[in-house]
2 protein chains.
Amino acid sequence: MKYSHQRELILQVMKQSLGHLTARQVYQRVKEELPTISLGTIYRNLNVLDEQNLIRRIVVPYGCDEFDYNPTEHSHFFCTKCESLYDLEAHIDQKMKQVVEETTGYEITNTNVVFKGVCHKCHGRKEG
Amino acid sequence: MKYSHQRELILQVMKQSLGHLTARQVYQRVKEELPTISLGTIYRNLNVLDEQNLIRRIVVPYGCDEFDYNPTEHSHFFCTKCESLYDLEAHIDQKMKQVVEETTGYEITNTNVVFKGVCHKCHGRKEG
DNA sequence: TATAGAAATAGTAATTATTACTATTTTGAG
DNA sequence: CTCAAAATAGTAATAATTACTATTTCTATA
C-alpha cells in the first residue's frame, strides 16, 4: 500500500472522532482540511483501512454503514429510543466468540454484532 | 393489520424455504404463483412481517439484506470461503444475550449477529 | 347483504448508498 | 531523475430500497 495524503487525513479524522462515522460524515470532516477530496476516495480508503483492520466497518440494521476507529475488536449496542450506537467492551466480544467456537467448532475470524434495546439513559423514559 | 392474499403467499414461500432469501428471491418465487405481484409489495410486507416478528431480517456485511422464517431468535454464521450463511442454534443466542445483559445492564430486545469465519466443509480446503 | 372507509396493491418514479470508470496526478524504488 | 504502479477527482453507473398515486381489496357495521 502506497502512502497518500488523503488516506492520512481520513485516518486522522477517524482517530479524533470518538464516535462512529458514516462515509458522508468522514467526507465532510476531511473536506474542511482538504476541500478537493472526493467522496469516492473516502469510500475506497474506508474499505482498504477496514481490510487492513486499521478501522472497523459496522453494518447496522438501520441506515447506512458506520465506521469506527476503536482498534480492538468489539461489538455494538443500538438504543432504539435515542438511536445512539454504543461500543460494548471488548471482553464481551471475546466471551461471545468463545461460546460460538466451543458450541459450533467453527473458526471465527470476525464478528458483526449489533444488539438492539434500550440504554440506561432512556430506560424508564416515555416515548419521545 | 388487514389480511391480504399477497402477504399470505409471501409467508407461505418463507415457510417453505428453509434457507435465507433476499427480497428479490422472494419476489421471484411468489411471482410463480401470482405473476402480477409487485416488488414494492414484497418489500412492504417483508418489513411488516419483520416488525411483527413473523420473520427475521438478517443484515449482512456483504450484499443485501436477507430474510429468514425460522421463528426462534437465532444468530448467523457466514463462511467466507463458500459464502454460505448458516443458522446458529438458538441457545447460543440466549447465552450471548445473557452475557451482554449481565455485563452492561442494558435491556436487549433484539440481536443482529453475523459471525464470519470458515465452516467445517471448507476448513482445510485450499482457496477456490 | 350492501357499503363506506381504511388498508393494501401494482406500477412507476425517486432516493440513496456505494461502486465503476477514466484521465490525470502522486508516490517511491531504482 | 525517471517511470511504472497506485491513488485521486470527478463523473457516471448500479443496485437496493422507498415513495407516490390511482385503483382495488377487505372488513366492520348499518
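Just so you know, these numbers come straight off a predicted model, no measurement behind them. Quick note: numbers below take in every heavy atom, side chains included, and nothing from hydrogens, waters or symmetry partners. In what follows, every chain begins at residue 1, and chains take the letters A, B, ... in the order their sequences are listed.
- Counting heavy atoms from C-beta on, the side chains of B:Y43 and B:D65 never come closer than 4.5 Å.
- Residues B:M96 and B:F78 are members of separate hydrophobic clusters, defined by side-chain heavy-atom contacts under 4.5 angstrom among Ile, Leu, Val, Met, Phe, Trp and Tyr.
- The residue among B:A23 and B:K2 whose nearest nucleotide of DNA chain D lies closer to the 5′ end is B:A23.
- The aromatic rings of A:Y106 and B:H120 sit tilted, their planes meeting at an angle between 30° and 60°.
- When each of B:L39, B:N45, B:L21 is paired with B:V26, the side chain to side chain contact (heavy atoms under 4.5 Å, CB included) condition holds for B:L21 and for no other.
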| query | Please walk me through it: do A:N70 and A:H20 pass side-chain hydrogen bond (donor to acceptor under 3.5 Å, both in side chains)? | reply | CA-CA 9 Å; A:N70 190 337; A:H20 311 96; over 6 Å; no
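- Position along DNA chain D of the nearest nucleotide to B:C64 versus B:H5 favours B:C64 as the more 5'-ward residue.
- When the side-chain nitrogen and oxygen atoms of B:S4 are compared with OP1 and OP2 of C:dT9, one or more of them lie within a distance under 4.0 Å.
- For the pair B:V59 and A:V60, the minimum side-chain heavy-atom distance is 4.5 Å or more.
- At the phosphate of C:dA8, neither OP1 nor OP2 sits under 4.0 Å from any side-chain N or O atom of B:R44.
- Nearest-nucleotide positions on DNA chain C for A:N47 and A:Y3 put A:N47 closer to the 5' end.
- Across the helix from C:dT1-D:dA30 to C:dG30-D:dC1, the helix axis at one end is tilted relative to the axis at the other end by 30° (nearest 10 degrees, each axis from five pairs).
- Neither OP1 nor OP2 of C:dT19 sits under 4.0 Å from any side-chain N or O of A:Y43.
- Between the CG atom of A:D65 and the P atom of D:dT17 there is a distance of 12 Å, given to the nearest Å.
- At whole-Å resolution of the value, OH in A:Y62 and P in D:dT18 are 16 Å apart.
- Under 4.0 angstrom from either OP1 or OP2 of C:dG11 there lies no side-chain N or O belonging to B:S38.
- Nucleotide C:dG28 holds its P atom 11 Å from the CD atom of A:E8, rounded to whole Å.
- Here B:Q6 does not reach the OP1 or OP2 of D:dT25: none of its side-chain N or O atoms lies under 4.0 Å away.
- Rounded to whole angstrom, the span from the CG atom of B:L34 across to the C1' atom of C:dT9 amounts to 10 Å.
- Within the 4.5 Å cutoff, side-chain heavy atoms of A:H74 are placed close to those of A:D68.
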